[in-house]
Engineer: 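Please find one structure pasted underneath; my questions will follow.
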Amino acid sequence: MISDRVKKGIERAPHRSLLKACGYTDEEIERPFIGVVNSFTEVVPGHIHLREVAEAVKKGIYANGGTAFEFNTMAICDGIAMGHEGMRYSLPSREIIADTVESMAKAHGFDGLVLIPSCDKIVPGMIMGAIRTGLPFIVVTGGPMFPGEYRGKRYDLISVFEGVGQYSAGKISEKELKDIENIACPGAGSCAGLFTANTMACITEALGLSLPYCATSHANTAEKIRIAKKSGMRIVDLVKNNITPDKILTKEAFENAILVDLALGGSTNTTLHIPAIAHEVKPKFITSDDFDRLSDEVPHIASLRPGGENFIIDLHRAGGIPAVLKVLEEKIRKNCLTVSGKTVGEIIKEVDYIDYNIIRPVNNPVHKTAGIRILRGNLAPDGAVVKISAVSEEMYRFEGTAKVYDCE
């Protein structure tokens with residue numbers, strides 16, 4: 001084991017003494033060392049429940065013969081940071097998180113990692129750092145928030161932004177805006193639609209880095225806790241069998257993730273994060289050209305917030321990411337290995353329910369084109385990205401003077 005470097009032999013007596021100062025026993029020190037990377041914070045709703053998730057992961061680790069060592073990373077809420085200087089710190093935080101994971105894992109001789117992230121930059125940041133270590137790892141994303149409900153209608157964070165515009169236009173009163181503000185985000189979890197956080201969770205599962213249904217199982221549910229426990233158990237097996245990232249993160253695995261992203265019409269931020277994650281495997285492993293090429297292979301099959309009408313809870317109840325993979329079966333690379341020990345093809349075979357009203361069949365899609373497209377032209381010679389699923393068809397073609405905003 002890698003952890004033998006810090007715990008085996010007479011010369012490591014000082015190291016063992018320090019571990020014992022933390023309360024670890026000789027028996028625990030003999031077992032595989034599993035780092036539990038938790039982005040819990042009291043600032044971000046996607047992370048306020050992660051202590052409970054981490055406890056479940058640790059129970060799973062101990063149940064299968066490992067020893068858990070929990071540590072934390074930072075986490076920035078893009079929603080709270082939005083609209084002021086705070087947004088300047090969001091993307092750089094991804095690199096700080098990656099550095100934290102790499103530094104802690106390598107410095108302490110961990111044998112494997114369980115990542116417990118949630119929001120926008122935290123999911124890719126943790127994965128990037130874990131790839132650098134070369135250690136077996138598994139990801140337990142914290143889960144979506146449930147939508148808020150008020151007078152028979154469902155709301156999410158975008159509803160509040162829209163409410164501000166409606167108030168400014170004189171369409172609703174200040175009290176009505178306050179009512180929306182109070183119910184739109186009802187508790188823990190990443191915002192209830194297919195924004196960047198939940199898109200990255202879906203991509204993580206499609207990459208094979210999370211157990212089936214992890215991406216769409218909601219925060220503060222027993223299902224999430226069970227998945228967390230199973231993930232804790234599974235990481236010990238991954239360590240024992242030496243299932244390292246290079247065995248999972250192949251070119252085909254990244255193509256599966258992109259296909260799912262395109263079919264769902266996920267966040268355009270994925271064109272930043274997926275290449276960055278892939279770069280840790282191999283420089284220029286994935287580029288915008290891959291998005292462009294694969295966008296011709298799948299249509300947009302799910303109408304999800306903010307561009308559509310449904311929420312992640314609807315996607316989960318319709319069958320989650322395994323059902324999406326099943327619908328896209330003809331295009332999916334089925335031989336890819338996942339942290340579950342099963343191939344993507346084996347996961348697809350186990351799907352026994354799909355709600356085709358939510359996850360539409362490819363011959364009856366929401367849009368015939370993929371939900372995300374790469375554009376090129378004189379305004380963006382190096383390429384630009386557009387979320388087709390959130391753009392009105394009247395905007396597909398435009399004639400006249402282009403308005404280009406290039407802010408510092």
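Numbering starts at 1 and runs along the sequence shown. Basis for what follows: all heavy atoms, side chains included, without hydrogens, waters or symmetry-related copies. None of the values given here were measured: they were computed from a predicted structure.
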Engineer: Return the OH to CD1 distance between Tyr353 and Ile359, rounded to the nearest 0.5 Å.
Structural biologist: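 CD1 of Ile359 is found 9.0 Å from OH of Tyr353.
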Engineer: Within a reach of under 6.0 Å around CD of Glu70, are more than 12 heavy atoms found that belong to other residues, nucleotides or ligands?
Structural biologist: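 Result for CD/Glu70: enclosed.
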Engineer: Distance check, rounded to the nearest 0.5 Å: Ile332 atom CD1 versus Glu297 atom CD?
Structural biologist: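 Output value for this atom pair is 9.5 Å.
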Engineer: Assess whether a salt bridge exists between Glu55 and Lys58, defined as any Lys/Arg side-chain N lying under 4.0 Å from an Asp/Glu carboxylate O.
Structural biologist: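 Counted as a salt bridge, because a side-chain N and a carboxylate O are separated by less than 4.0 Å.
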Engineer: Can you find a side-chain donor-acceptor pair between Asn335 and Thr343 that sits under 3.5 Å?
Structural biologist: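 No - no donor-acceptor pair under 3.5 Å links their side chains.
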Engineer: Thinking salt bridges, do Lys334 and Glu346 make one under a 4.0 Å N-O criterion?
Structural biologist: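 Looking at Glu346 together with Lys334, the answer is no, because their closest N to O distance does not fall below 4.0 Å.
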Engineer: Counting only heavy atoms not in Arg293, do more than 12 fall under 6.0 Å of its CZ?
Structural biologist: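 Count over threshold, so yes.
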Engineer: Kindly say whether Ala192 contributes a backbone atom to a donor-acceptor pair with the side chain of Asp156 at under 3.5 angstrom?
Structural biologist: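 Checking the backbone N and O of Ala192 against the side chain of Asp156, no donor-acceptor pair under 3.5 Å is found.
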Engineer: Do the side-chain N and O atoms of Thr268 and Lys387 include a donor-acceptor pair separated by under 3.5 angstrom?
Structural biologist: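 Absent: no donor and acceptor within the cut-off.
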Engineer: Can you confirm whether Lys342 is buried at NZ, in the sense that more than 12 heavy atoms of other residues, nucleotides or ligands lie under 6.0 Å from that atom?
Structural biologist: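 No, the 6.0 Å shell around NZ holds no more than 12 heavy atoms from other groups.
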Engineer: Does Met1 offer a backbone N or O that forms a donor-acceptor pair with the side chain of Asp4 under 3.5 Å?
Structural biologist: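 Flag set: sc Asp4 to bb Met1 pair under 3.5 Å.
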Engineer: Could you go through Thr133 and Lys106, starting from their C-alpha distance and side-chain angles, then the distance that decides it, and tell me whether this counts as side chain to side chain contact (heavy atoms under 4.5 Å, CB included)?
Structural biologist: CA-CA 7 Å; Thr133 70; Lys106 299 298 282 187; 4.1 Å; yes
Engineer: Could you tell me if the side chain of Ile258 sits less than 4.5 Å from the side chain of Ile286, heavy atoms only?
Structural biologist: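 Of all side-chain heavy-atom pairs linking Ile258 with Ile286, at least one is under 4.5 Å.
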Engineer: Mark yes when over 12 heavy atoms from residues, nucleotides or ligands other than Asn242 sit less than 6.0 Å from its CG; otherwise mark no.
Structural biologist: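 Yes, enclosed.
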Engineer: Should Arg132 and Asp99 count as an ion pair when the cut-off is N to O under 4.0 Å?
Structural biologist: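 A salt bridge links Arg132 with Asp99.
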Engineer: Does the side chain of Phe146 come within less than 4.5 Å of Phe311's, by heavy atoms?
Structural biologist: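 No - every pair of side-chain heavy atoms lies 4.5 Å or more apart.
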Engineer: Any heavy-atom pair between the side chains of Phe137 and Pro245 that's under 4.5 Å?
Structural biologist: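 The answer is yes, as the side chains (C-beta and beyond) meet within the 4.5 Å cut-off.
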Engineer: Assess, by modelled atom type and distance only, whether the side chains of Ser217 and Lys224 contain a donor and an acceptor separated by less than 3.5 Å.
Structural biologist: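 Yes, because at least one side-chain N or O of Ser217 sits under 3.5 Å from a partner of the opposite role on Lys224.
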Engineer: If you measure only the distance, is there a donor-acceptor pair under 3.5 Å linking the side chains of Asn310 and Ser303?
Structural biologist: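 Side chains of Asn310 and Ser303: no pair found under 3.5 Å.
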Engineer: Could you tell me the separation between the NZ atom of Lys282 and the CD atom of Glu280, rounded to the nearest 0.5 Å?
Structural biologist: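 Output value for this atom pair is 15.0 Å.
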Engineer: Tell me, do Val385 and Ser288 make a side-chain contact under 4.5 Å, heavy atoms counted?
Structural biologist: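 Side chain of Val385 against side chain of Ser288, heavy atoms only: no contact under 4.5 Å found.
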Engineer: Are any of the side-chain heavy atoms of Ile183 and Tyr155 separated by less than 4.5 Å?
Structural biologist: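 SC-SC contact between Ile183 and Tyr155 confirmed.
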Engineer: Donor-acceptor pair, distance only, cut-off 3.5 Å: does the side chain of Arg360 make one with the backbone of Asn364?
Structural biologist: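 Yes; judged by distance alone, with no hydrogens or angles, the pair exists.
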Engineer: With a 4.0 Å cut-off on N to O distance, would you call Glu181 and Lys175 a salt bridge?
Structural biologist: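 Salt bridge between Glu181 and Lys175, a charged N being under 4.0 Å from a carboxylate O: no.
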Engineer: So do the side chains of Glu205 and Val139 get within less than 4.5 Å of each other, counting heavy atoms only?
Structural biologist: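 Not in contact.
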Engineer: Hey, what do you get for CD1 (Ile243) to CD1 (Ile138), rounding to the nearest 0.5 Å?
Structural biologist: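 One gets 11.5 Å once the value is rounded to the nearest 0.5 Å.
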Engineer: Scan side-chain atoms only and decide if Glu28 and Tyr62 contain a donor-acceptor pair under the 3.5 Å cut-off.
Structural biologist: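 Result is yes, a qualifying pair exists.
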Engineer: Give a yes-or-no answer on whether the side chains of Asn64 and Asp237 include a donor-acceptor pair shorter than 3.5 Å.
Structural biologist: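 The answer is yes; a qualifying pair exists.
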Engineer: Whether the Ser267 and Thr196 side chains hold a donor-acceptor pair (N or O, under 3.5 Å, no angle test) is what I'd like checked.
Structural biologist: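 Thr196 and Ser267 do have a side-chain donor-acceptor pair below 3.5 Å.
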Engineer: Output the distance between atom OG (Ser3) and atom CZ (Phe69), rounded to the nearest 0.5 Å.
Structural biologist: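 Going from the OG atom of Ser3 to the CZ atom of Phe69 covers 8.0 Å.
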Engineer: Between atom CD of Glu102 and atom CG of Leu135, what is the distance when rounded to the nearest 0.5 Å?
Structural biologist: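 Those atoms lie 10.5 Å apart.
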Engineer: Any chance CD of Glu85 has more than 12 other-residue heavy atoms, nucleotides or ligands included, within less than 6.0 Å?
Structural biologist: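 Atom CD in Glu85 is not crowded, with 12 or fewer foreign heavy atoms closer than 6.0 Å.
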Engineer: Between Asp290 and Lys284, is there a salt bridge with N-O shorter than 4.0 Å?
Structural biologist: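 Result for this pair is no, no salt bridge flagged.
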Engineer: Is Leu211 close to Lys230 at the side-chain level, that is, under 4.5 Å between some pair of heavy atoms?
Structural biologist: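 Yes, side chains in contact.
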Engineer: Give the ring-plane orientation class for Phe254 versus Phe285, where under 30° counts as parallel, over 60° as perpendicular and anything between as tilted.
Structural biologist: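 Perpendicular, since the angle between the ring planes exceeds 60°.
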Engineer: For Lys59, does the NZ atom sit with more than 12 other heavy atoms under 6.0 Å from it, leaving out its own atoms?
Structural biologist: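 No, because the 6.0 Å sphere around NZ of Lys59 holds 12 heavy atoms or fewer from other groups.
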Engineer: In this structure, are over 12 heavy atoms from other groups packed under 6.0 Å from Lys326 atom NZ?
Structural biologist: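 Counting other residues, nucleotides and ligands, NZ of Lys326 exceeds 12 neighbours.
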Engineer: Is Asp26 paired with Lys20 through a side-chain N to carboxylate O contact shorter than 4.0 Å?
Structural biologist: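 So Lys20 pairs with Asp26 through a salt bridge.
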Engineer: Do Asp292 and Arg376 sit within salt-bridge range, that is, some charged N less than 4.0 Å from a carboxylate O?
Structural biologist: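 Salt bridge between Asp292 and Arg376, a charged N being under 4.0 Å from a carboxylate O: yes.
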Engineer: Would you call the rings of Phe71 and Phe110 parallel, tilted or perpendicular, taking 30° and 60° as the class edges?
Structural biologist: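 Geometry flag for Phe110 against Phe71: parallel rings.
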Engineer: Decide yes or no for Ile301 and Leu328: does some side-chain heavy atom of the first lie under 4.5 Å from some side-chain heavy atom of the second?
Structural biologist: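 SC-SC contact between Ile301 and Leu328 confirmed.
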